[in-house]
Amino acid sequence: MDSSVSATISTVTLPPPPPPPPPSSSASDPLLPHASSQEDHYVASITEEHEVTCWGCGLILILSPYTPIFKCGWCGAVTNHNSVKGDNSYFWWRRLRDRCFVCILLLFMFFIIGGGIWAIYPIVFSRSYFCGVLHITISVMLSITTLCTYILSAFRSPGAPPLIPWGSYPAVGKGGLEGYTFCNYCSKPKSSNSHHCRSCGMCVLDMDHHCPFIGNCVGAANHRVFILFLISAVISNFYVSIISSYAAYYIWPPIRNLPISVLSGSTDYMLVYGFLKEIAFAFFASVESLSLRGFVLVYLFIAGVSVEIGLCVLLWQQISYIYEGKTYLIHLSSRGTNRNGKKDCQNIVRFFGCPYSATRCLLGFWNSRKIHTK
């Protein structure tokens, strides 16, 4: 019994391992151990590069080599290794520039208001007491509205993205950071509809643009107030140009006019040129005897018209983007692509927060006219 068992065991005994191969001629090379250590270090570095920690949830991701941009499969956070933090050494110079613009614009508005009251108020009241009261009422309302909306646009926060948990796996759920990227300036998550402004030093939600004339960004929190400021400023400048021309008409020195009868009969271009030349010389001659109040009225008219033209262009551009359901930055990023928002009047209604019941009849009538137009 014992002999059979021992025989069986001896038959299944594994053969001894083969002897190691004989050393080659290069094994005696003193540089071989150094080369072997370099190869081990190289392999270890490749394995370490494949393991990347997600900034959103803290999980370790195994990636293929040369993957600068990737998205976490758990939290949805997007990591971009190509994004580099830019130079932010001129931040305080930008802030100083913006504050200087704000001070200059405030001084300009106060000058327009004060100059208008000093130059226009006595002339309008001398014409009619009712017109004077109406003028001062309209001037006070437009001045208060324009100044209040400007101050709110300039000194209200443009809107920071909401704070969400990030950085650890238990705190971040499935898809909790979907589409978020990491802001290298603020060192916190940034949603897809947010943009970092280097002039303001913060991430702005639904950022439209950075306006140096208000010294602030136009974002989700102050975009509506900014549009109201533009509307109020356009109406105010239009009123200033009208009322200043009306007042200048009554205090302007008399201009020597040529008889209109000289233009009757056959058309002579030299005669027309001479007539216009005489009118121009008479006009500039009357300017020499113009009072200080008249010069202020001329300045108010020119400033009102020029500023009104610029503000009308900016207001039309802003309303067009709101109608298309996008901001100025989205318009720049979608240029040359097919990503266009839905153009609808409801975008303007939702932007200003108007109740749908108040605009149902008007928009329904407008849309019905567009539908039935052939």
Side-chain angles (χ1 to χ4, degrees), residues 69 71 76-78 80 83 86 98 149-150 152-154 156-164 175 177-186 188-234 309-356 358-360 362-364 366-367 369-371:
I69 303 176
K71 182 178 181 180
V78 178
N80 185 6
S83 61
D98 293 343
T149 52
Y150 178 79
L152 289 176
S153 302
R156 172 186 284 186
S157 174
L163 298 177
I164 56 175
L177 295 172
E178 185 67 31
Y180 276 73
T181 56
F182 188 77
C183 180
N184 295 322
Y185 297 93
C186 301
K188 62 181 182 180
K190 181 178 67 174
S191 59
S192 58
N193 57 344
S194 300
H195 183 80
H196 183 86
C197 178
R198 295 173 60 184
S199 297
C200 295
M202 61 177 294
C203 289
V204 180
L205 184 65
D206 292 335
M207 179 179 173
D208 186 84
H209 69 285
H210 180 85
C211 182
F213 295 102
I214 65 173
N216 198 4
C217 280
V218 179
N222 64 345
H223 198 176
R224 186 187 308 173
V225 182
F226 179 73
I227 297 297
L228 294 177
F229 161 70
L230 293 180
I231 295 174
S232 178
V234 167
I309 293 174
L311 291 178
C312 283
V313 174
L314 180 58
L315 179 61
W316 176 258
Q317 183 189 51
Q318 289 289 312
I319 296 297
S320 301
Y321 291 150
I322 296 173
Y323 175 74
E324 296 175 2
K326 58 184 180 182
T327 60
Y328 178 67
L329 286 181
I330 296 178
H331 168 73
L332 293 180
S333 61
S334 62
R335 182 179 297 178
T337 62
N338 295 326
R339 296 185 303 168
N340 294 323
K342 182 180 179 182
K343 301 179 180 180
D344 193 2
C345 292
Q346 286 296 327
N347 294 329
I348 301 178
V349 174
R350 284 190 294 266
F351 176 82
F352 288 102
C354 301
Y356 182 76
T359 57
R360 182 185 298 271
L362 179 61
L363 294 179
W366 176 260
N367 291 330
R369 287 186 59 187
K370 292 193 295 183
I371 291 175

Once ring-ring contact (aromatic ring centres under 6.0 Å, His included) is applied, do any residues pair with Tyr180, and if so which ones, sequence neighbours excluded? none
Excluding sequence neighbours, so at least two apart, what forms ring-ring contact (aromatic ring centres under 6.0 Å, His included) with His210?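 Per chain and number, His210 pairs via ring-ring contact (aromatic ring centres under 6.0 Å, His included) with no residue.
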Please report the closest heavy-atom contact between [X] and [Y], naming both atoms and the distance.
X	Y	result
Tyr323	Asn347	O-ND2, 2.9 Å
Val204	Gly219	CG1-CA, 3.9 Å
Asp98	Ser199	OD2-CB, 4.2 Å

Check the angle between the aromatic planes of Tyr321 and Tyr328 and answer parallel, tilted or perpendicular using the 30° and 60° thresholds.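 Ring orientation, 0 to 90° scale: tilted.
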Could you list the residues that satisfy side chain to side chain donor-acceptor pair (under 3.5 Å) with [X], not counting sequence neighbours?
X	answer
Asp208	Gln318
Thr149	none
Ser194	Ser191
Asn80	none

Spacing of [atom1] belonging to [X] relative to [atom2] belonging to [Y], to within rounding of 0.5 Å:
X	Y	atom1	atom2	result
Cys203	Lys188	SG	NZ	6.0 Å
Gln346	Ile348	CD	CD1	10.0 Å
Cys197	Leu329	SG	CG	9.5 Å
Leu314	His209	CG	NE2	6.0 Å
Asn184	Lys190	CG	NZ	8.0 Å
Phe226	Tyr150	CZ	OH	10.0 Å

Would you indicate whether the side-chain heavy atoms of Val225 and Arg156 approach each other to under 4.5 Å? yes
Output all residues satisfying side chain to side chain contact (heavy atoms under 4.5 Å, CB included) with [X], sequence neighbours left out; order by chain, then residue number.
X	answer
Ala221	none
Ile231	Ile227, Ile235, Leu315
Cys312	Val234, Glu308

Going by the rule salt bridge (charged side-chain N to carboxylate O under 4.0 Å, His left out), which residues pair with Lys71 if we only count those two or more places apart in sequence or in a different chain?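 Lys71 satisfies salt bridge (charged side-chain N to carboxylate O under 4.0 Å, His left out) with Glu178 only.
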Would a distance-only check, ignoring hydrogens and angles, find a side-chain to backbone donor-acceptor pair under 3.5 Å from Asn222 to Cys217?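 Such a contact is found between Asn222 side chain and Cys217 backbone.
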Dump the intermediate steps for side chain to side chain contact (heavy atoms under 4.5 Å, CB included) on Asn216 and Cys211, then the final yes or no. CA-CA 6 Å; Asn216 198 4; Cys211 182; over 6 Å; no
